[in-house]
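The next block holds one structure in the form of structure tokens; read it before the comments.
Worth knowing before you read on, the calculation uses all heavy atoms, side chains too, and leaves out hydrogens, waters and symmetry mates. One-based numbering along the sequence shown.
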Amino acid sequence: MKGPIMTFRLTALRAGSAAFLAALALSAPARAADTIAAVAANFTDAATEIGAAFEAATGHHVTYSFGSTGQLYTQITQDAPFEVFLAADQARPEKAEAEGLAVPGSRFTYAVGKLVLFSTDPEAIDDSPAALKDPDLTHVAIANPETAPYGAAAVETMKALGLYGTLEPRIVQGKSISQTHQFVATGNAPVGFVALSQVIADDTGSRWLVPQDLYTPIRQDAVLLTKGADSEAAKAYVEFLKSPEALAIIGKYGYGTED
């Protein structure tokens, strides 16, 4: 009798173990996954912090490719492997939807950018545009207005002030807002128009926060790209951008948000 009883007990144990493992599998969270997001350069610091919070909250991982919005959009049209697009404008995400490169209805404004005239010299800017009127000013750094919305906003600002004609010969252009900030930070340009997010934590130098009535609001839209339509990580990242945790980080870096 010992043999049959032992066989029965082993069979029951195996059956019970199998049932337990099946129940465990059903109750376990979805497997962590990766996604790739194309992100406007002005949002680098905020995105990095949001990425860490996203991974801690969901287990998913996001890899970023930073650059100017125009350059990133060109890469998207050339079949780059991006699954999410965080632009510095509304036009490119809207165009991505229209051209079938993004999931219809997934576009939303994740941040509203703010423009700053900045210098590493604490005496250069007196919280006004007066530095731009200095006849001895040698260079003004801006991002390429053709590809970077912050560059376009800088041009609008100079035109609104009636200074563009005078300043145009002195303009030096960065490929992105990151390179523009580098021009100023290294002293290659005494002043430059950069994103508030890039200098908000910097208590050195001097700056003028450009009034938002001098340029078209920099509404930065995000969109789920078609390559991410079936990606759980990509969809989770887009939703996380709307969460209170992400919105708090966005506000911390000086951006406005929209309901």
Side-chain angles (χ1 to χ4, degrees), residues 21-113 149 176-178 195 197 218-253 255-259:
L21 291 172
L24 185 63
L26 288 173
S27 62
R31 184 176 63 84
D34 296 331
T35 188
I36 304 174
V39 180
N42 72 87
F43 203 64
T44 298
D45 291 341
T48 300
E49 189 168 336
I50 288 171
F54 169 69
E55 186 166 357
T58 67
H60 297 310
H61 176 72
V62 58
T63 297
Y64 293 123
S65 179
F66 296 105
S68 72
T69 291
Q71 291 172 328
L72 293 172
Y73 184 76
T74 297
Q75 292 172 22
I76 289 167
T77 65
Q78 294 173 348
D79 205 33
F82 306 139
E83 296 180 338
V84 181
F85 183 29
L86 275 65
D89 66 6
Q90 293 184 302
R92 270 84 166 199
E94 185 175 22
K95 191 175 181 182
E97 277 189 309
E99 295 183 353
L101 298 170
V103 176
S106 65
R107 181 170 56 90
F108 66 100
T109 298
Y110 67 93
V112 181
S176 68
I177 199 67
S178 292
S197 59
I218 306 173
R219 292 190 173 90
Q220 304 190 189
D221 277 11
V223 70
L224 179 65
L225 298 173
T226 53
K227 285 185 180 294
D230 297 322
S231 167
E232 291 304 317
K235 290 185 285 187
Y237 183 79
V238 168
E239 288 307 309
F240 188 77
L241 279 175
K242 305 172 187 177
S243 71
E245 186 173 4
L247 291 175
I249 295 171
I250 292 168
K252 168 185 168 182
Y253 283 92
Y255 293 96
T257 57
E258 293 188 343
D259 296 332

Side-chain donor/acceptor of T109 to backbone N/O of A111, under 3.5 Å: no
ring-ring contact (aromatic ring centres under 6.0 Å, His included) contacts touching residues 85-108 (sequence neighbours left out): none
Sequence neighbours excluded - salt bridge (Lys or Arg N to Asp or Glu O under 4.0 Å) pairs with any residue from residues 35-45: none
Interatomic spacing from OG1 in T48 to CZ in F66 - rounded to 0.5 Å: 4.0 Å
Residue of the set V39, V238, L225 for which side chain to side chain contact (heavy atoms under 4.5 Å, CB included) holds with V84: V238
Check: Q71 and T74 side chains under 4.5 Å, non-hydrogen atoms: no
Residues in salt bridge (charged side-chain N to carboxylate O under 4.0 Å, His left out) contact with E55, at least two apart in sequence or another chain: none
Check: Y64 side chain, A47 main-chain N or O, donor-acceptor pair, under 3.5 Å: yes
Summary of salt bridge (Lys or Arg N to Asp or Glu O under 4.0 Å) pairs that have at least one residue in residues 85-94, sequence neighbours excluded: D89-R92
Any residue meeting ring pair (Phe, Tyr, Trp, His ring centres under 6.0 Å) with F54, in chain and number order, not counting sequence neighbours: Y237, F240
I50 to A246 - nearest heavy-atom pair and separation: CD1-O, 4.2 Å
Closest non-hydrogen atom pair between A32 and G59, with its separation: CB-O, 3.0 Å
Distance in Å, K252 NZ paired with L247 CG, rounded so as to fall on 0.5 Å steps: 14.5 Å
With A96 via side-chain contact (heavy atoms from CB on, under 4.5 Å) - residues at least two apart: Y73, L101, A102
Q220 side chain reached by I218 side chain, heavy atoms, under 4.5 Å: yes
Check: H60 side chain, A33 main-chain N or O, donor-acceptor pair, under 3.5 Å: yes
Audit row: V62, I36, side-chain contact (heavy atoms from CB on, under 4.5 Å) steps and yes/no: CA-CA 6 Å; V62 58; I36 304 174; over 6 Å; no
Atom pair OG1 (T35) and NZ (K227), whose distance is rounded to the nearest 0.5 Å: 12.0 Å
Non-neighbouring partners of E239 that pass salt bridge (charged side-chain N to carboxylate O under 4.0 Å, His left out), sequence neighbours left out: K242
F82: ring pair (Phe, Tyr, Trp, His ring centres under 6.0 Å) partners, not counting sequence neighbours: none
Side chain Y110, main chain V223, donor-acceptor under 3.5 Å: no
Set of residues satisfying side-chain contact (heavy atoms from CB on, under 4.5 Å) with respect to T226, sequence neighbours excluded: none
Salt bridge (charged side-chain N to carboxylate O under 4.0 Å, His left out) against K235, all qualifying residues, sequence neighbours excluded: E232
Nearest heavy-atom neighbours spanning L72 and G67: CD1-O, 3.6 Å
Partner set under ring pair (Phe, Tyr, Trp, His ring centres under 6.0 Å) for Y255, not counting sequence neighbours: F43
Closest heavy-atom pair and its distance - G228, A234: O-CB, 3.8 Å
Considering all heavy atoms, the nearest A229-L224 contact: CA-CD2, 4.3 Å
Value rounded to 0.5 Å, distance of OG in S176 from CG in N42: 9.5 Å
Nearest-0.5 Å distance that lies between atom OG in S243 and atom CD1 in I250: 8.0 Å
Test salt bridge (charged side-chain N to carboxylate O under 4.0 Å, His left out) applied to R107 - qualifying residues, sequence neighbours left out: E97, D221
Check: I177 and S68 side chains under 4.5 Å, non-hydrogen atoms: no
